[in-house]
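Read through the structure below, which is laid out as structure tokens, and then see the notes.
Quantities reported herein were computed from a predicted structural model and do not represent experimental measurements.
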Amino acid sequence: MSWGFMRDSSLRRVLSVQYGRSGSQHSPVNLFFDTEPDNLPSTNDSSSADEDLDSLVLFGMLRGNVVGLRYYTGVVNNNEMVALQREPNNPYDRNAVKVNNVNGEQVGHIKKELAAALAHIMDRNLAKLEGTVPYGAQNAYTMPVNLSFWGREENKNIVIDLMKKYGFKLGPLPQGGSQAQPRLSIPLLPAVQMTTEQLKTEFDKLFEDLKEDDKTRELEPSKAVETSLLPHQKQALAWMVSRENSKELPPFWEQRNNFYYCTLTNFAEKDKPESVRGGILADDMGLGKTLSIIALILTNFHDGKPFPVGHGIYGNYSLEEHSVARDDSRKSSNKKQARRKADGTNEKSGSSKGKTETAPKRQKAKYSLSDSEEEDQWIPRKVKAPSACNIVDDDQFAMALFGGPSTVKQKTKKKGTVKTVTDNPSKCEVQNHPRTTLIICPLSVLSNWIDQFEQHVKADAKLNIYIYYGPERNKNPDFLSKQDVVLTTYNVVTHDYSTESPVHKIRWLRVVLDEGHTIRNPNAQQTKAVHSLDSERRWVLTGTPIQNSLKDLWSILSFLKLKPFTAREWWHRTIQRPVSMGDQGGLRRLQALIKNITLRRTKTTKVKGKPVLQLPERKVYIQHLKLSPEERKIYESMQNEGKAIISRYFNEGTVLTHYADVLAVLVRLRQICCHPHLVPTSLSSALSASSTPGELQEKLVNKIKMVLSSGSDEECSICLDSLNMPVITRCAHVFCKACICQVIRITKPNAVCPMCRGELYLEHLVECPEDECDLGDSQNNNQTWMSSSKITALMHALTEQKEKDPNIKSIIVSQFTAFLSLIETALRESSFTFTRLDGSMNQKKRTDAIQSFQSSHYDSPTIMLLSLKAGGVGLNLTAASRVFLMDPAWNPAAEEQCFDRCHRLGQTKEVIITKFVVKDSVEENMLKIQNKKRELAAGAFGGNNISQLPVK
DNA sequence: ACCGCCGGGTGCC
DNA sequence: ACCGCCGGGTGCC
């Protein structure tokens, strides 16, 4: 089923064990490019050792002793796992090695003779040591411990010899020393490992059963939710509410007599391990994770009771200045729109009654909590809610909320006991119970959350939302903990981590991490900052839960406070390593775990026999165009010129070595089909011979841009994958840098180009400057603007469509960014509103463009100009339901991918695609050739018959 | 610790 | 006896 993205990559990781080191990234070729592991008896820092945890091998085992039990409180069971920890500062023995139980409580020490040997090994990081105590229970003074030594293959003999020198012999454990590993056969025996095929099947099955049992129960949301939920969203709600209110033991825990027992580590304790009141919502993009969480917030507000609806008055709102970077493109339902003006000036936005405006600057000065005023506290006062969500997010809105004599903020000099007396039904809970949901997301989706709250929360539910963002954000914990929702970003939380911030002091009702996979790096400050947040209810939203490997999952489990995985050692010993070694038990445990805490549906998941979401239809039309007589004249002249050049190459037998020049002719012809102004006056400038190295360099760079923009060779012919760091050879063929370097290295010193067998030297390779691969530079931008046949056809279609339905949005796609620029002029002339996305834009500009286009705001642009290659598969332009493909691509997959940017989850309308194709031109040939694009260079140009040239 | 080790007391059978 | 043996004191690193 789904999760192919995850399966592939994690499998690769899993299987990498068998290759020795992990690290193949993209193409098979890259396998050879792995940097050699340095063979020094390593004194690696622990971080790099951490990275490779999966590739460690078992050196052997040893029975040792734990002593000094009577001095410590940590107790252990028979067969319980223990952790070994160096204690270099022990005053009695600098070789001391502590032994801790799963909970981190000290059990004792390793006996000193052995400790001396172990200290040697541990301090040099020659091996990782793991212990289990076969007879852990009821020892008064000492107990045996079975130690396993794990390390990198090249250190194996070093460790064995070293131990021998100290008088210890590593080996298989004396029989009877059973392992704490939950029935895990020691992977010294390859016979128990699964085959690659089996492992793959297991991964396939991993998430298959996720939708069983209670996960199909539905729950009606609180009345405060305005949007009606789809069945699968009601299921998500039911599941989340039940998890939040559940008291059941976390997975792998059982109650035995008076103890709670962890079946993975054999650890037991009197105290009940905390239930995981949360989990991972891993629905596919577009299934409504955000809406599901909003429904959860409103439905399970307090003690299983929903958020109150219908109270005209609310309180708990203090008047604080704040700021947030936002554009005006956010969605607003019509009835809410009135309160915001689009021009962003300090205009009144009075949709609610009886408010007076104050200039924001003055407000800021007057009300912001400066350091000197720290002891001051604002008394929240009653405010008539202007709208559903009291989103405090920009100056003018703050004004709308707080301005006016009747709502002037009061403050008191008294410290402490500021009682909040309000009509809010949940006021009493503020002191005793956390009230506030903290949502953390990447900045790029912050505005989406705001939009979604506005859209989905009913107007008479007075949900207080505070955007904790920007330099002026209110850091008063009292203020924050009186909100219903605090919305912030990972960066803010991370930044505040170092400064003892309110975010880390407050006990939150729940914490929601959006795009939770962003915390996958366990060493990142961000991850640590997020882990230290205080809340019982923790949720992770992600579309890609296990992006690269099981390692990613650990960070999430740790955030969820899932015992015993909060410490990485137990996760690694009980799940990650067994799974990566192909142990079935490990996989079963992983499956049980995922099943317990994850809800994931994809677009193909069925609810009551029907797919969760059905995509509307998609229709592709090809519109044939005739060039105007003037355009035709230019086209033919260029075609003749090109034919002459190519004939010459052909006669010289040098067509292949002038590959890029041939493509250049084709590109020029295609450009003329779009607009004559796209083409420089003469071909000769592009194709002229050059002699100096500087000129050659420049020419090659131009060629690589040309080749890339021509769309004919988006894939590297060595690895057959998409180009990764493209470089161009002197003979103008383009490959991944790594691929061609590999070829040169292997075939040295006789390296030849794999395409044309031309001379090939490492030094001659030229890289393409990042993101400059668009052939967008219009050489003739001084010419006065004029339309073209294609532009005219496009404008005609757009105008007609606008008359039919002005709300329909369109994407206009071209491979030539200069063409997009020409289209801009036409759009402006006909007063269409548009935005643009191309490869030259930075990330900020891109997200801005996407957001403004996706917005349903009344003045959001109706047209997106899109360069064919801009953006990845993730690009979501579902606001559009029309696509105009201005020029055909060699690669049909590139076109398909482009269509899918609007024909995807979230699209509600029928999608109509129009491809413009100029009759009797290279474009028609491209349509024919699209399916055999790979033969183009080698076949059409390499063949003996020049009539095969797609130049008529 | 139902051990080992230490060091003082002791000393034919 | 510069030993052996006994039995009490003692005990992680």
List in numerical order all residues of residues 83-90 of chain A for which some heavy atom is under 4.0 Å away from an atom belonging to DNA chain C.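 Correct list: A/N90.
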Looking at DNA chain C, which of residues 110-122 of chain A put a heavy atom within less than 4.0 Å of it? A/I110, A/K111, A/K112
Using side-chain contact (heavy atoms from CB on, under 4.5 Å) as the criterion, list what pairs up with [X], not counting sequence neighbours.
X      : value
A/R94  : none
A/P251 : A/L562, A/L593, A/N596
A/L129 : A/L84, A/L118, A/M122, A/F149

B/dC2 - base-pair partner by Watson-Crick or wobble geometry, distances under 3.5 Å: none
Could you check which nucleotide pairs with C/dC13 in any of the strands shown, counting Watson-Crick or G-U wobble with both distances under 3.5 Å?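 For C/dC13, the partner nucleotide comes out as none, under the 3.5 Å rule.
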Under the side chain to side chain donor-acceptor pair (under 3.5 Å) test, which residues partner [X], sequence neighbours left out?
X      : result
A/E153 : none
A/E254 : A/R256
A/N245 : A/N300
A/S555 : none

Counting just side-chain N and O atoms, does A/Y71 come under 4.0 Å of either OP1 or OP2 of C/dC12?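 For C/dC12, OP1 or OP2 has a side-chain N or O of A/Y71 closer than 4.0 Å.
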Intermediate values then yes/no, side-chain contact (heavy atoms from CB on, under 4.5 Å), A/R568 and A/S558: CA-CA 8 Å; A/R568 190 133 67 118; A/S558 182; over 6 Å; no
Determine whether more than 12 heavy atoms belonging to other residues, nucleotides or ligands lie under 6.0 Å from atom NZ of A/K272. yes
Round to a whole Å and report the spacing from [atom1] of [X] to [atom2] of [N].
X      : N      : atom1 : atom2 : result
A/Y141 : C/dT10 : OH    : P     : 14 Å
A/Y92  : C/dG11 : OH    : P     : 12 Å
A/H109 : C/dG11 : NE2   : P     : 17 Å
A/R70  : C/dG11 : CZ    : P     : 9 Å

Residue pairs fulfilling salt bridge (charged side-chain N to carboxylate O under 4.0 Å, His left out) with at least one residue in residues 97-115 of chain A, sequence neighbours excluded: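 Output for this query is empty, none listed.
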Polar atom pairs (N or O), protein with nucleotides 3-6 of chain B, under 3.5 Å:
none

Sticking with atom C1', work out how far B/dT10 lies from C/dC5, rounded to a whole angstrom. 9 Å
If you measure from the C1' atom in B/dC6 to the same atom in B/dA1, how many Å do you get, rounded?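 Here B/dC6 and B/dA1 have their C1' atoms 15 Å from each other.
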Would you list the atom pairs, donor with acceptor, under 3.5 Å between side chains in residues 65-74 of chain A and any protein atom, with sequence neighbours excluded?
| unit_1 | atom_1 | unit_2 | atom_2 | d |
| --- | --- | --- | --- | --- |
| A/R70 | NH2 | A/Y141 | OH | 3.2 |
| A/Y72 | OH | A/H109 | ND1 | 3.4 |

